[in-house]
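Accompanying notes for the structure given below.
Just follow the structure's listing: the first ligand is 1, and inside any ligand the first atom is 1. Just so it is clear, the model here is predicted, and its values are computed rather than measured.
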Amino acid sequence: MNYNNKMWEMIEEIKSSGKIPKLLLHSCCAPCSSHVISTLTPYFDITILYYNPNIEPKEEYEKRKKEEIRFIDEFPNQNKLDILDCDYDNDLFHEMAKGKEMIPEGGERCFECYELRMRKTANVAKEKGYDYFATTLTVSPLKNSNKLNEIGTKLEAELQIPYLYSDFKKENGYKHSIELAKEYNLYRQDYCGCVYSKRDREIQKQKKSTD
Ligand code: SF4
């Protein structure tokens, strides 16, 4: 399934309707959201949902959130662009990750981490009357786009809220996000977010330095 093509088919339909729908877009960080916002702002009123209970320590969570707010403020959006903040449900993340602490990045713990964040986004979108929900996560080459789109499709059916398909890394999307991060001088972290990814990155760095 080419989820990037599916997204553009959906956008073509939206364009022909002459409407500007309201999109609730889950974002993990400013660099990932940069390319996604630049792609979608001509077609949607976007609200960013910063829901990332996986990110630790708390200072890192706050730092990434601050950068997201700054980017939204500085980016020349075409339609509405704002942000909705959430509680830092870190306990919920740890409850989910229990017993999965040693699974390497990209495995089952990550799939549940995607779902935790996307489910919240779908729920808020439904509750607040958005037309679509989506996530920036598909821009990262380290994230499983098929899985993310499967989860989005499942939540759409379960909660009756339209999901915008995506594979934002396509069409040089990831490269563009790096260029925008440079242009806006955005903070780019070197680990995904949770304590386990931080631990694994430290081990990798130590290994490299002793090689
Ligand atoms: S590595 Fe990233 S996606 Fe996986 S559980 Fe940790 S924060 Fe979530």
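L24 is listed as a side-chain neighbour of V124, based on a closest heavy-atom distance under 4.5 Å. Counting heavy atoms from C-beta on, the side chains of R117 and C28 come closer than 4.5 Å.
Residues satisfying the side chain to side chain donor-acceptor pair (under 3.5 Å) test with N149, not counting sequence neighbours, are Y163. In this structure, K128 has no salt bridge (charged side-chain N to carboxylate O under 4.0 Å, His left out) partners at least two apart in sequence or on a different chain.
Excluding waters, the set of protein N, O or S atoms lying under 2.8 Å from atom 6 (Fe) of ligand 1 comprises C194 SG.
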Under 3.5 Å, sequence neighbours excluded: what are the donor-acceptor pairs made by side chains of residues 191-199?
{"residue": "Y191", "atom": "OH", "partner": "E56", "partner atom": "O", "Å": "2.5"}
{"residue": "Y196", "atom": "OH", "partner": "H94", "partner atom": "ND1", "Å": "3.3"}
{"residue": "S197", "atom": "OG", "partner": "G193", "partner atom": "N", "Å": "3.0"}
{"residue": "S197", "atom": "OG", "partner": "C194", "partner atom": "N", "Å": "3.1"}
{"residue": "S197", "atom": "OG", "partner": "C194", "partner atom": "O", "Å": "2.8"}
{"residue": "R199", "atom": "NH1", "partner": "E101", "partner atom": "O", "Å": "3.3"}
{"residue": "R199", "atom": "NH2", "partner": "E101", "partner atom": "O", "Å": "2.9"}

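By the criterion of side-chain heavy atoms lying less than 4.5 angstrom apart, applied directly or through intervening Ile, Leu, Val, Met, Phe, Trp or Tyr residues, L25 is grouped together with V139 in one hydrophobic cluster.
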